[in-house]
Amino acid sequence: MNPEDELTLNGTVTFDQDNVVRVFPLVSGNVEKTTASLGAYVQKGQDLALIRSGDISTYTNDYQADKSDLEVAQQQLKNVSAQYKSGFASETDFLTAKNNVKKAEDELSKSANILRVYGGSTAGTGQPYFSVKAPIAGYIVEKNVNTGQDLRADNQNPLYTISSLQQIWVLANVYEQDIPEVKQGQPVDIQVLAYPDKTFKGVISNISSVLDEQARVLKVRIVLPNKDGLLKPDMFATIHVHLPTMSANEGAKSLAVSQKAVVFDRDHYYVIVQTGKNKYEVREVKVLKNTTRYAFVEGGGLKPGDIVVTEGSLLLYNDLTD
């Protein structure tokens, strides 16, 4: 037989973590309300949440103080300038007053820019609120904020993660025994429960170097275009990996048996063949290739149609070789 071997894996759809924007809080405070839900599509600049923040009040007060300082410095310059022209003030006094105005202007410009960055108003009528806005258009793929939640400016978790979902990742789980079968660049067919009659084609683009500690699986990544938006994060996926076919020579002389049928003992492989009612024989074979479900073997006098023991093969092997 000369079939194209196939390895079936389970996995999940997730967003492209190389092309997302994570939105962090710029201020501390309390979340008054959230206006974007998980999975929603948002436009660039759209409000996502409103934070009541003492930081905004501080920045507003700083701006008002710097504005007052500038007004004082300007008035002082006006007075010194008149005195200088009349000969009642020195040139040094005049230059000092002029320099004080420049410093006050710089400080006011700085505090005004800070206030604008944090959404405050320089009109003096602003409220202590910070509006979280979407930096790009896309889908909310992660949401870690709720109404009433207290936030710190150094919060390590993003409030939102936004992705365009024009390209997505499929992360497949590979068990240890199947790791040798998986190679970067192998073609795969992917199916999801939502579209049972549709097949998404891709290739393995990345193989992790470490096993997942809890699940004891190796993660492999398939990158897929998703222009129609059919694939959504957290969808369950079945991944069929196309393995290299055996050569014509190997295929012609090999037989496929269940992996459960093969017994490994002292550097040799064996199968148990039923030759009659309650009659069994141990046959040594050579394993040419392994897949998840089958071992392709030769030797042992095996012929197509022979009955090979699968369930309990090891126990029966031990009984027959004692």
Keeping [X] on the side-chain end and [Y] on the backbone end, is there a donor-acceptor pair under 3.5 Å?
X: Asn226; Y: Leu230; answer: yes
X: Ser53; Y: Asp55; answer: yes
X: Asp69; Y: Ala104; answer: no
X: Ser111; Y: Leu108; answer: yes
X: Thr34; Y: Ala49; answer: no
X: Gln149; Y: Asn146; answer: yes
X: Lys277; Y: Lys279; answer: no
X: Asp212; Y: Gln214; answer: yes
X: Asn99; Y: Leu95; answer: no
X: Gln186; Y: Glu181; answer: yes

Determine whether more than 12 heavy atoms belonging to other residues, nucleotides or ligands lie under 6.0 Å from atom [atom1] of [X].
X: Lys102; atom1: NZ; result: no
X: Asp234; atom1: CG; result: no
X: Lys260; atom1: NZ; result: no
X: Tyr195; atom1: OH; result: yes

Hydrophobic clustering (ILVMFWY, side-chain heavy atoms < 4.5 Å, transitive) - are [Y] and [X] grouped together?
X: Ile239; Y: Ile179; value: yes
X: Tyr175; Y: Leu211; value: no
X: Val132; Y: Phe24; value: no
X: Ile207; Y: Val223; value: no
X: Val241; Y: Val217; value: no

Under a 4.5 Å cut-off applied to non-hydrogen side-chain atoms, are [X] and [Y] in contact?
X: Thr96; Y: Thr92; answer: yes
X: Ser37; Y: Ile140; answer: no
X: Val31; Y: Leu50; answer: no
X: Phe15; Y: Thr161; answer: yes
X: Tyr160; Y: Glu142; answer: no
X: Val101; Y: Leu70; answer: yes
X: Pro128; Y: Thr60; answer: no
X: Val271; Y: Leu302; answer: yes

- side-chain contact (heavy atoms from CB on, under 4.5 Å) assessment of Lys286 paired with Val297: CA-CA 5 Å; Lys286 179 181 178 182; Val297 302; over 6 Å; no

Atom pair [atom1]/[atom2] of [X] and [Y] - distance to nearest 0.5 Å:
X: Asn30; Y: Tyr129; atom1: CG; atom2: OH; answer: 9.5 Å
X: Asp66; Y: Glu71; atom1: CG; atom2: CD; answer: 11.5 Å
X: Gln184; Y: Asn206; atom1: CD; atom2: CG; answer: 6.0 Å
X: Thr238; Y: Gln191; atom1: OG1; atom2: CD; answer: 6.5 Å
X: Phe236; Y: Asn10; atom1: CZ; atom2: CG; answer: 3.5 Å
X: Ile51; Y: Leu26; atom1: CD1; atom2: CG; answer: 8.0 Å

- Item | Lys110 and Glu107 ion-paired at < 4.0 Å | yes

- Message: Assess whether a salt bridge exists between Lys103 and Glu105, defined as any Lys/Arg side-chain N lying under 4.0 Å from an Asp/Glu carboxylate O.
- Response: no

- Hey, which of Val192, Asp189, Val188 is the one that makes side chain to side chain contact (heavy atoms under 4.5 Å, CB included) with Phe200? Val192

- Note on the structure: side chain to side chain contact (heavy atoms under 4.5 Å, CB included) with Leu218: of Val182, Asn173, Val174, only one passes, and it is Val174

- Query: Tracing side-chain links under 4.5 Å among I, L, V, M, F, W and Y, which residues wind up in one group with Val282?
  - Reply: Val263, Tyr270, Ile272, Tyr280, Val309, Leu314, Leu316, Tyr317, Leu320

- Show the numbers, then the answer: is there a side-chain contact (heavy atoms from CB on, under 4.5 Å) between Glu281 and Arg283? CA-CA 6 Å; Glu281 290 182 3; Arg283 306 275 183 88; 3.0 Å; yes

- Would you check if there is a donor-acceptor pair between the side chains of Asn79 and Gln75 at a distance under 3.5 Å? yes

- Query: Can Asp47 and Thr35 be counted as having a side-chain donor-acceptor contact under 3.5 angstrom?
  - Reply: no

- Message: Going by the rule ring-ring contact (aromatic ring centres under 6.0 Å, His included), which residues pair with Tyr269 if we only count those two or more places apart in sequence or in a different chain?
- Response: Phe264

- Message: side-chain contact (heavy atoms from CB on, under 4.5 Å) for Phe296 and Glu298? Distances and angles first, verdict last.
- Response: CA-CA 7 Å; Phe296 292 88; Glu298 67 170 350; over 6 Å; no

- Item | Test log, rule side-chain hydrogen bond (donor to acceptor under 3.5 Å, both in side chains), inputs Asp93 and Ser90 | CA-CA 5 Å; Asp93 292 337; Ser90 67; 3.2 Å; yes

Give the table of side-chain donor-acceptor pairs shorter than 3.5 Å for residues 162-172, with sequence neighbours excluded, one pair per line with atom names and distance.
unit_1, atom_1, unit_2, atom_2, d
Ser163, OG, Leu165, N, 3.2
Ser164, OG, Gln166, N, 3.3
Gln167, NE2, Asp16, OD2, 3.0
Trp169, NE1, Asp16, OD1, 3.0

